[in-house]
Amino acid sequence: MFFDPCVNCGRYSAASRYVSGGSRACTRCATTYDSCPECATLLRAGRGCDPCARRDRVWNYSYKPDPIFHGDGPLYLGMELEVIVPDYCYDEAVAAATEHLGDLGYLKQDSSIRPLGFEVVTHPMSYRHAIDHFPWGLLEVLEGLDCETDQTVGLHVHASRDGFDSPAHIYRWLKLLYRNEPAVTTLARRRSHYAPFDRIARAKARETAKSHQHALGLARYQAINPYPRKTLELRVFASSLDVQCVQAALAFTAASIDYTRGLRVADVRTGAWEWSAFAGWVARQPDYQPLVAEMEDLACAC
């Protein structure tokens with residue numbers, strides 16, 4: 001489930017590279033390919049680079065290019081923003097989105113977006129890089145083209161497992177979110193069957209914190225998807241074209257990871273799991289101002 005076959009040798013690898021044209025190569029065979037001078041995609045002999053050639057196109061849902069990291073790690077966030085797009089402005093919206101995104105992201109098809117739309121997918125970004133360099137004006141442009149969002153489309157944030165100190169840190173983060181489901185869903189602005197707080201997943205949090213391999217048998221579509229090999233996917237948020245809402249989703253992901261990084265047993269015993277303790281801590285962190293403003297607007301700041 002988590003391994004891709006190499007187009008050359010046939011071996012399955014968890015660290016394969018994307019090859020222009022749609023296949024993947026293991027790290028050993030990848031050394032036999034040339035790479036695109038613009039984006040480093042592996043190239044077949046005599047063929048061009050399809051990512052560069054299709055920068056004004058929408059990729060298939062299964063498209064998974066090699067990540068381009070932006071900003072300073074180790075914590076990187078990847079955003080997937082689902083947008084409903086009217087048929088009459090689809091081409092214009094695609095062109096505008098790809099132009100604004102540049103090498104920071106790309107567009108993908110998603111059949112769950114009805115009646116028509118696309119998913120804006122970013123490459124991994126540090127939280128600070130996202131706030132400072134994501135083309136936030138794109139959201140206003142899409143809204144001006146009559147694009148929209150509602151409760152049926154989501155905003156998903158991937159957080160790199162390497163951005164956590166340890167499996168114990170991941171477990172503390174999962175516990176904070178699971179113990180505060182009402183406040184998290186208020187902040188997320190929806191409850192969705194695509195992202196429920198799964199009781200069985202909560203019971204297995206200690207195991208899934210150690211490795212994605214322990215996620216076998218769990219639902220993939222849940223509040224926190226543990227299946228990706230290198231990330232944890234927070235799926236709770238409703239999509240939005242409002243800058244504060246989107247920035248708050250990124251800020252909440254980064255802030256909750258930061259908050260749980262230093263928690264100790266003594267802190268938990270004195271109420272550190274409580275939402276009010278987390279909200280009070282966030283209010284003292286200038287970097288997370290979009291989250292503070294969103295929590296105040298939604299009356300979940302205390």
Side-chain angles (χ1 to χ4, degrees), residues 2 4 13-19 24 27 30 35-36 38-42 49 51-52 55 58-83 97-98 100-108 110 118-136 138-139 154-167 169-170 173-174 209 211-212 215 220 224-237 239 243 246-258 260-261 287-288 290-291:
F2 305 103
D4 298 302
S13 170
S16 60
R17 294 279 308 279
Y18 178 78
V19 180
R24 302 190 73 83
T27 52
S35 59
C36 173
E38 295 294 327
C39 69
T41 296
L42 300 182
C49 176
C52 289
R55 280 178 178 157
V58 181
W59 288 93
N60 185 280
Y61 183 76
S62 62
Y63 176 63
K64 190 175 79 172
D66 295 335
I68 302 171
F69 292 88
H70 297 267
D72 298 323
L75 177 62
Y76 289 96
L77 307 177
M79 182 171 67
E80 300 170 356
L81 182 69
E82 298 173 348
V83 182
T98 53
H100 278 75
L101 285 170
D103 67 354
L104 192 61
Y106 48 92
L107 306 181
K108 289 173 58 172
D110 189 331
F118 52 64
E119 189 174 52
V120 177
V121 183
T122 71
H123 284 286
M125 313 171 287
S126 67
Y127 168 69
R128 194 69 257 165
H129 188 93
I131 297 300
D132 293 342
H133 298 290
F134 182 84
W136 296 109
L138 169 61
L139 305 187
L155 163 58
H156 307 156
V157 182
H158 286 259
S160 56
R161 282 182 177 264
D162 286 346
F164 293 83
D165 288 350
S166 63
H169 181 195
I170 295 177
W173 179 70
L174 294 171
S211 170
H212 70 282
R220 185 181 301 273
I224 307 163
N225 174 18
Y227 271 91
R229 185 168 60 90
K230 294 186 177 182
T231 69
L232 292 153
E233 181 190 17
L234 186 54
R235 299 175 48 86
V236 294
F237 300 101
S239 188
V243 171
V246 179
Q247 289 186 346
L250 296 172
F252 174 72
T253 307
S256 56
I257 293 171
D258 193 10
T260 52
R261 190 180 305 279
D287 275 356
Y288 301 128
L291 175 59

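In this chain, numbering begins with 1 at the start of the sequence shown. Keep in mind the model is a prediction, meaning the values are calculated, not measured.
- For Ser256 against Thr260, the heavy-atom pair with the smallest separation is O-OG1, 2.8 Å.
- Counting only heavy atoms from C-beta outward, the side chains of Asp72 and Arg128 never approach each other to under 4.5 Å.
- Here the OH-CG distance, from Tyr76 to Asp162, works out to 10.0 Å after rounding to the nearest 0.5 Å.
- Proximity of a side-chain donor or acceptor of Asp66 to a complementary backbone N or O of Tyr18 within less than 3.5 Å is detected.
- A distance of 9.0 Å separates CD of Glu233 from CZ of Arg220, quoted to the nearest 0.5 Å.
- A distance-only check finds a donor-acceptor pair linking the side chain of Thr122 to the backbone of Met79 [under 3.5 Å].
- Not one N or O on the side chain of Thr41 forms a donor-acceptor pair closer than 3.5 Å with the backbone of Cys36.
- A donor-acceptor contact under 3.5 angstrom links the side chains of Ser62 and Asn60, judged on distance only.
- Looking only at side-chain heavy atoms (C-beta outward), Val157 and Phe252 stay at 4.5 Å or farther from each other.
- Contact annotation: the side chain of Met125 never approaches that of Ile131 to less than 4.5 Å [non-hydrogen atoms, C-beta and beyond].
- Without hydrogens or angle criteria, Arg24 side chain to Ser16 main chain gives a donor-acceptor distance under 3.5 Å.
- Taking OG of Ser160 as the reference point, atom CD1 of Ile257 lies at 7.0 Å (rounded to 0.5 Å).
- Side chains of Ser126 and Leu75 form no contact here, defined as non-hydrogen atoms less than 4.5 Å apart.
- Below 30°, between 30° and 60°, or above 60°: for His133 and His129 the angle between ring planes is between 30° and 60°, a tilted geometry.
- A distance of 5.5 Å separates CG of Asp103 from CD1 of Ile68, quoted to the nearest 0.5 Å.
- Within a 6.0 Å radius of NZ in Lys108, more than 12 heavy atoms belonging to other residues, nucleotides or ligands are found.
- Heavy-atom minimum distance, Leu42 versus Ala30: CD1-CB, 3.6 Å.
- To the nearest 0.5 angstrom, His156 atom NE2 is 10.0 Å from Leu81 atom CG.
- Closest approach of Phe164 and Ala159 over heavy atoms only: CE1-CB, 4.5 Å.
- In this structure, Phe134 and Gln247 have side chains that are not in contact, with every pair of non-hydrogen atoms separated by 4.5 Å or more.
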Asn225 and His158: CA distance, side-chain angles, deciding distance, side-chain contact (heavy atoms from CB on, under 4.5 Å) verdict:
CA-CA 9 Å; Asn225 174 18; His158 286 259; 5.7 Å; no

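- In this structure a side-chain-to-backbone donor-acceptor pair under 3.5 Å is missing from His169 to Gly163.
- In this structure, His123 and Tyr106 have side chains that are in contact, with non-hydrogen atoms separated by less than 4.5 Å.
- Residues Leu107 and Val121 have side chains not in contact (no heavy-atom distance under 4.5 Å, counting atoms from C-beta outward).
- Atom OG1 in Thr253 sits 10.0 Å away from atom OH in Tyr288 (nearest 0.5 Å).
- For the pair Leu138 and Ala97, the tightest heavy-atom approach, listed with the atom from each and the gap, is CD1-CA, 3.6 Å.
- Nearest heavy-atom pair, Leu174 versus Ala209, reported as atom, atom and distance to 0.1 Å: CD1-CB, 4.3 Å.
- Two residues are said to be in side-chain contact when any heavy atoms from C-beta on lie closer than 4.5 Å; Asp258 and Tyr127 fail this criterion.
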